[in-house]
Amino acid sequence: MTTSTSSSTSTRTESVADLVTRLAQEHLSRWQRGYLGDDAKAVGALARLRRGAGKPAGQLPDLWDLLDTQGLHDARRDGRPLSETELARADDALHTALTLWALHQQSRGTGMHQPHRRERPRGLGAAIHRLMPANDIDDSLRKRLVRAGNAPDLTTLAQRLRDIVTLLRREDVPLDYALLAGQLYQWQWPDGADRVRIAWGRSFHAWQDHRTPGPPQDNPADGLSSDLPDATDKDTP
């Protein structure tokens with residue numbers, strides 16, 4: 001019985017994570033296109049959104065009519081509506097990712113949301129690695145990624161990601177915020193944080209492989225805890 005329940009939960013969370021990713025992509029595509037085209041509504045939406053960066057969903061009433069989550073209430077492919085827990089976690093993930101994008105996009109003339117591709121890594125780990133000098137590891141930046149991965153709750157994670165996004169914005173380093181939204185949903189479930197940390201660790205090394213000529217490494221990254229040294233640093237809560 002336990003195995004069956006665990007398997008069902010895993011399938012459910014993965015499916016909803018895909019839904020969150022798709023909805024985030026729809027919002028991001030529309031807002032980013034409008035902002036870069038100097039559309040007044042999109043510019044105004046971005047200004048409102050960025051005030052919510054790093055803050056819990058629902059804390060700012062001004063955003064309640066801006067983040068359209070109607071897609072979360074539509075019937076899923078299997079015909080079953082999302083549970084209240086799924087809805088709440090999906091809404092939190094969308095809020096966190098979209099407000100962080102708004103902070104990142106502010107005053108930038110190119111799109112800071114760019115979809116991840118195998119030949120063009122745009123995950124969180126890859127973005128942080130792009131901030132580092134070629135063939136070198138900046139330990140302070142690496143620790144920021146580790147601390148984000150070890151955040152005890154979504155609010156703390158959002159705050160730590162906000163600090164990272166500020167650095168990415170300064171250097172015009174893009175990020176796949178739709179991918180991040182799906183990961184933030186997954187992160188909130190049991191064992192989800194571990195899976196997201198693994199994805200971020202792989203992404204970190206994907207950028208290294210992307211910019212370094214030659215065949216892939218024999219031991220590709222498995223995750224933050226195993227592939228980024230000192231993932232359990234004493235100063236990392």
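Being a predicted model, the structure only gives us computed values, none of them experimental. Residue numbers count from 1 along this sequence.
- Of all heavy-atom pairs spanning E86 and W189, the tightest one is CG-CZ2, 3.7 Å.
- No chain of hydrophobic side-chain contacts below 4.5 Å, direct or via other Ile, Leu, Val, Met, Phe, Trp or Tyr residues, connects L49 to M112.
- When every heavy atom of A126 is checked against every heavy atom of S203, the shortest pair comes out as N-OG, 2.8 Å.
- Side-chain contact between L184 and L161 is present, with heavy atoms from C-beta onward closer than 4.5 Å.
- Linking Ile, Leu, Val, Met, Phe, Trp and Tyr residues whenever their side-chain heavy atoms come within less than 4.5 Å places V173 and Y177 in a single cluster.
- Counting heavy atoms from C-beta outward, L167 and L141 have side chains that approach closer than 4.5 Å.
- Distance check, rounded to the nearest 0.5 Å: OG1 of T99 to CG of L63 gives 8.0 Å.
- Q114 CD to D176 CG: the interatomic distance, rounded to the nearest 0.5 Å, is 9.5 Å.
- In this structure, Y185 contributes its side chain and T21 its backbone to no donor-acceptor pair below 3.5 Å.
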(message) Would D139 and K143 count as a salt bridge (Lys or Arg N to Asp or Glu O under 4.0 Å) here? Give the steps.
(response) CA-CA 6 Å; D139 201 49; K143 284 184 177 180; 3.7 Å; yes
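- To the nearest 0.5 Å, the span separating CH2 on W101 from CG on L46 amounts to 4.5 Å.
- Here the shortest heavy-atom pairing between A148 and W200 reads C-CZ3, 4.2 Å.
- Residue L154 is grouped with residue L100 when hydrophobic side chains (ILVMFWY) are merged at heavy-atom distances under 4.5 angstrom, including chains of intermediate members.
- Ion pairing of R197 with D194 is present here, as a side-chain N (NZ or NE/NH1/NH2) and a carboxylate O approach within less than 4.0 Å.
- Rounded to the nearest 0.5 Å, atoms CG (L145) and CD1 (I128) are 4.0 Å apart.
- What you find for G111 and P174 is that their closest heavy atoms are O-CB, 4.2 Å.
- The line from OG1 of T155 to CZ of R160 is 11.5 Å long, rounded to the nearest 0.5 Å.
- The two residues Q183 and A199 come nearest to each other via the heavy atoms NE2-CB, 3.8 Å.
- A donor-acceptor pair is defined here as one N or O able to donate and one able to accept, closer than 3.5 Å; no such pair exists between the side chain of R122 and the backbone of P115.
- Here the straight-line distance linking atom CD1 of I164 with atom CG of L124 works out to 5.5 Å at 0.5 Å rounding.
- Judged by distance alone, the side chain of H129 and the main-chain N or O of F204 form a donor-acceptor pair under 3.5 Å.
- Side-chain contact of H27 with R30: a donor-acceptor pair under 3.5 Å is present, judged by distance alone.
- Residues R147 and N150 form no side-chain contact, since every pair of their non-hydrogen atoms from C-beta on lies 4.5 Å or further apart.
- One finds no salt bridge joining R142 and D138 here, because no Lys/Arg side-chain nitrogen approaches an Asp/Glu carboxylate oxygen to under 4.0 Å.
- Residues satisfying the ring pair (Phe, Tyr, Trp, His ring centres under 6.0 Å) test with H113, not counting sequence neighbours, are none.
- For the side chain to side chain donor-acceptor pair (under 3.5 Å) condition, the pairs that include at least one residue of residues 166-175, sequence neighbours left out, are R108-D172.
- The closest side-chain donor-acceptor pair between S29 and Q25 falls under 3.5 angstrom.
- V20 and L179 fall into different hydrophobic clusters, defined by Ile, Leu, Val, Met, Phe, Trp and Tyr side-chain heavy atoms under 4.5 Å apart, directly or through other members.
- In this structure a side-chain-to-backbone donor-acceptor pair under 3.5 Å is present from H95 to K55.
- Of all heavy-atom pairs between A127 and L168, the closest is O-CD2, 3.6 Å.
- Although no hydrogens or angles enter the test, the distance criterion places no donor-acceptor pair under 3.5 Å between the side chain of T156 and the main chain of P152.
- With no hydrogens or angles considered, no side-chain donor-acceptor pair links W31 and Q105 at under 3.5 Å.
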